[in-house]
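A short worksheet on the structure shown next.
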Amino acid sequence: MKHLYFALHLLICFGFPSLCTSEDRFVYSGFSGTNLTVDGAARVRPNGLLEVTNGTVNLYGHAFHPAPLHFRRSPNGTVQSFSVFFVFGIISVYRETSVDGMAFLIAPRKNLSGVLANQFLGLLNNNNDGNSSNHIFAVELDTFQNTELKDINDNHVGIDINSVHSIKSQPAGFYDDTSIFRNLSLNSGEAMQIWVDYKEETTQINVTMAPLKMAKPVKPLVSATYNLSQVFMDPAYIGFSSSTGPISTQYIVLGWSFCMGCPAPVINVNKLPKLPHLGRKFPSRVLEIILPIATAALILSVGTSITLFVRRRQRYAELHEDWEEEFRLHRFSYKDLFHATQGFKNEHLLGVGGFGKVYKGVLPTSKLLVAVKKVSHESRQGMKEFITEIVSIGHLRHRNLVRLLGYCRRNYELLLVYDYMPNGSLDKYLYCEEEMPTLGWSQRFHIIKGVACGLLYLHEKWEKVVIHRDIKASNVLLDSEMNGRLGDFGLARLYDHGSDPQTTHVVGTMGYLAPELVRMGKASPLTDVYAFGSFLLEVVCGQKPIKEDAQGNRFMLVNWVLQHWHNGTLVETVDRRLQVEGVLDEVCLVLKLAILCLHPSPTSRPKMQQVIQYLDNEMPLPDLEPTHLSFNELRLMENKGIFSSGMSYPPLTTTSIGTISGLSGGR
Ligand SMILES: Nc1ncnc2c1ncn2[C@@H]1O[C@H](COP(=O)(O)OP(=O)(O)OP(=O)(O)O)[C@@H](O)[C@H]1O
Ligand SMILES: *[C@@H]1O[C@H](CO)[C@@H](O)[C@H](O)[C@H]1NC(C)=O
Ligand SMILES: *[C@@H]1O[C@H](CO)[C@@H](O)[C@H](O)[C@H]1NC(C)=O
Ligand SMILES: *[C@@H]1O[C@H](CO)[C@@H](O)[C@H](O)[C@H]1NC(C)=O
Ligand SMILES: *[C@@H]1O[C@H](CO)[C@@H](O)[C@H](O)[C@H]1NC(C)=O
Ligand SMILES: *[C@@H]1O[C@H](CO)[C@@H](O)[C@H](O)[C@H]1NC(C)=O
Ligand SMILES: *[C@@H]1O[C@H](CO)[C@@H](O)[C@H](O)[C@H]1NC(C)=O
Ligand SMILES: *[C@@H]1O[C@H](CO)[C@@H](O)[C@H](O)[C@H]1NC(C)=O
Ligand SMILES: *[C@@H]1O[C@H](CO)[C@@H](O)[C@H](O)[C@H]1NC(C)=O
Ligand SMILES: [Mg+2]
């Protein structure tokens, strides 16, 4: 009969492990479909987890095996040996912080009304705590240190008899094979195993703990001797209790087995329902990975933005001074110019001159084509005068001046914004390679007249005299109608101030510098006329004002022209690419006018007003013989003066500023 019962029991256990219960032995492999008695915040989840308390704070809950158990064989007998095994998990919203704890419980009844949550773990209340009439035995898994209860720490396992003051407790953990203690964190969010064993003979209570999937350690975690025969009522109920405090914590039982008088049945832990990883483990591990990355990314992005911001500020930083207020309307923002030229891209470079680079650009709002000249300039000296002058001239419109639209200042940099001249500078046509079509005489003559008008305007037509200081073919730009327009007016002034000839740096371009300018360093409208003379020769002869012969000797173009004039071969000086038939008079007029303008004595040079009259044939050129100009004087000048020792020419290919200092002292 007994054998039959055992066989039947085995069959039930085998077929329905989660329902395998008998009066003194049961296995809960998950709690789905079981008939636990639950109260408070306890419930069985659909997936089979027993939630003794759900996440709600300051609650308690109980879950009991429904049937009463007889721990005594007879009403006056002693409490038999028993063995309990369960798998639990504690899941808190905060990592490794939870309140208050849970307990395995043996109580005289399932109706535990009047108990308290929090530190009382849903077992007792402050009136009955410690009263032997409670008949309560519990193994507490306490995750909060209540000093009034003399808790050893916030992560301990204790044996409780009628009180939440444990008779014995130990920090959670286990002893490994070599009896070395290993910590475990009750609220790590991991499922863990607990064994509770009682031996009738020795009245010894052993509580053993281990991580999941680990065999029961030999050495128990907590061991106490207490005669439970003096505690248990008969019958008694066994179950779980737990309570939450102010932190949302779930106390969960995954599986549970019990045996009276035999070791607790083994549960296949792999078949247990899985702990949720929502509130804890999963996010925390994800956070462990993501948080540092996110933090790093954040720091990086903040750093990058700050750097970019600072860079931006630096990139677009400008220099403003109080006196500039009146030129506000002529001021461009660096940012606009930066964008107009696509960051001063090399593709947009129009050319490089003595003062800096010139870029082509499109103004962002007006879509106007502009040429932006970047002038590097270290000192602020003379800047006010310069800007005052060029801005006031620049905003005047004259068909033979390149309009200056405005400027922008930065540290060490001045940016000048001009109308873009689609046909570029005249020098490109004069000294171009064979492929490029050169300009015919009528075009050249038209340009010469235009430049003369522009220069006259600067010298005489405006309220004050403006000296161009750098007339030459590369500063004559051609608009869409091939009108010659003077550009770069006054720019040389920026580099040319101070009246002491000893320290004056003459600025201009070699071959265009009047002798008195070199000697005295004093620019005047007549030094412009001299340069204009050089320019005329440039246009007619198609050659630079300083020639170089086959032997590498350099000499003035004007002297070569004079020589030819003297020899009666003036026509030979004309650019070979020009067709001069029928216009020879005009060509010769220009050549002679050029020579007149190049007169070493400033007072002998014509004024621009007269130059225009000569060009327009309104007035005949003064009858000059080639000897009229002191040829020798020029020679002398050439030998001892401008081109004498201590002065080197700039390479002929570059038309750059000739800076000659202290020449007057050299004589
Ligand atoms: N407004 C403009 N429109 C179109 N091209 C221009 C304009 N200004 C200048 N350029 C081009 O840029 C080149 C460089 O001009 P830049 O004035 O800097 O040098 P430069 O005239 O040769 O010498 P300098 O510095 O003595 O004036 C010119 O040769 C011309 O081709
Ligand atoms: C937890 O249980 C209590 C009591 O049954 C209930 O009021 C509360 O809504 C539950 N909380 C959750 C999150 O299920
Ligand atoms: C569940 O247990 C209660 C007693 O706690 C009992 O009345 C009920 O019949 C049981 N139900 C099942 C399905 O076992
Ligand atoms: C059990 O003990 C009680 C007193 O503690 C006594 O009255 C009762 O007769 C005893 N019963 C048995 C069966 O021994
Ligand atoms: C539980 O016990 C209390 C008294 O302690 C009683 O009032 C209550 O009705 C009982 N509840 C159940 C369900 O038995
Ligand atoms: C213990 O509880 C019982 C009944 O609840 C009560 O009569 C007794 O006074 C309590 N003892 C102490 C020490 O509180
Ligand atoms: C174990 O716990 C003790 C005290 O709680 C602590 O000092 C020790 O660092 C912990 N060891 C490990 C490995 O967690
Ligand atoms: C408790 O553990 C000790 C040490 O391993 C062992 O000797 C004893 O038999 C155990 N007692 C019970 C009730 O398991
Ligand atoms: C435990 O207590 C009971 C009486 O309450 C006694 O009969 C029994 O001998 C005790 N067991 C041990 C091992 O002392
Ligand atoms: Mg120029």
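FYI, the numbering just counts along the sequence from 1. Any value given below was found using the heavy atoms of this structure, including those in side chains, with hydrogens, waters and symmetry copies removed. Source: prediction; values computed, not measured. Whatever order the structure lists ligands and atoms in, that order sets their numbers, starting from 1.
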Ligand 9 N/O within reach of Ser229 N/O, cut-off under 3.5 Å: no

Ligand-residue contact atoms, ligand 8 with Asp197, heavy atoms, under 4.0 Å: 13 (C), 14 (O)

Shortest heavy-atom approach to atom 1 (C) of ligand 9 - which of Thr225, Thr78, Asn227, Val79: Asn227

Heavy-atom protein contact below 4.0 Å for atom 14 (O) of ligand 6: yes

Expected output: side-chain Lys373 to main-chain Gly356 donor-acceptor under 3.5 Å: no

Where ligand 8 meets Asn206 - atom numbers and elements under 4.0 angstrom, heavy-atom basis: 1 (C), 2 (O), 3 (C), 8 (C), 10 (C), 11 (N), 12 (C), 14 (O)

Under 4.0 Å to a heavy atom of Gln230 - the qualifying atoms of ligand 9, by number: 2 (O), 5 (O)

Step-by-step side-chain contact (heavy atoms from CB on, under 4.5 Å) determination, Asp151 to His156: CA-CA 8 Å; Asp151 284 347; His156 62 270; 3.4 Å; yes

Exercise check, heavy-atom protein proximity under 4.0 Å to atom 7 (O) of ligand 8: no

Closest protein heavy atom to atom 4 (C) of ligand 8, given as residue, atom name and distance to 0.1 Å: Pro220 CD, 3.8 Å

Criterion side chain to side chain contact (heavy atoms under 4.5 Å, CB included) against Val207, the qualifying member of Asp197, Ile159, Leu221: Ile159

Which atom of Asn127 lies closest to which atom of Asn125, heavy atoms considered: N-OD1, 2.8 Å

For atom 2 (O) of ligand 6, closest protein heavy-atom neighbour: Asn131 ND2, 2.2 Å

Distance filter under 4.0 Å to Ser133 heavy atoms, resulting ligand 6 atoms: 1 (C), 2 (O), 3 (C), 4 (C)

Aromatic ring pairing Tyr28/Trp256, orientation class (parallel under 30°, perpendicular over 60°, tilted between): parallel

Mutual orientation of the aromatic rings belonging to Phe71 and Phe258 [parallel < 30°, tilted 30-60°, perpendicular > 60°]: perpendicular

Point-to-point distance, once rounded to the nearest 0.5 Å, from CG of Asn35 to NE2 of His65: 9.5 Å

Shortest protein heavy-atom distance from atom 9 (O) of ligand 8, along with the residue and atom involved: Lys199 NZ, 4.0 Å

Among Ser243, Ser92, Pro246, side chain to side chain contact (heavy atoms under 4.5 Å, CB included) partner for Val99: Pro246

Heavy-atom pair with the smallest gap, counting every atom of Phe137 and Ile161: CD1-CD1, 3.6 Å

Main-chain N/O of Ser229 paired with Arg72 side-chain donor or acceptor, under 3.5 Å: yes

Numbered atoms and elements of ligand 9 in range of Glu201, under 4.0 angstrom, heavy atoms: 13 (C)

Val218: numbered ligand 8 atoms lying under 4.0 Å from its heavy atoms: 5 (O)

Closer than 4.0 Å: a protein non-hydrogen atom to atom 11 (N) of ligand 6: yes

Contact (N/O only, under 3.5 Å) between Ser223 and ligand 8: no

Atoms of ligand 9 close to Thr203 [distance to a heavy atom under 4.0 angstrom, numbered from 1]: 12 (C), 13 (C)

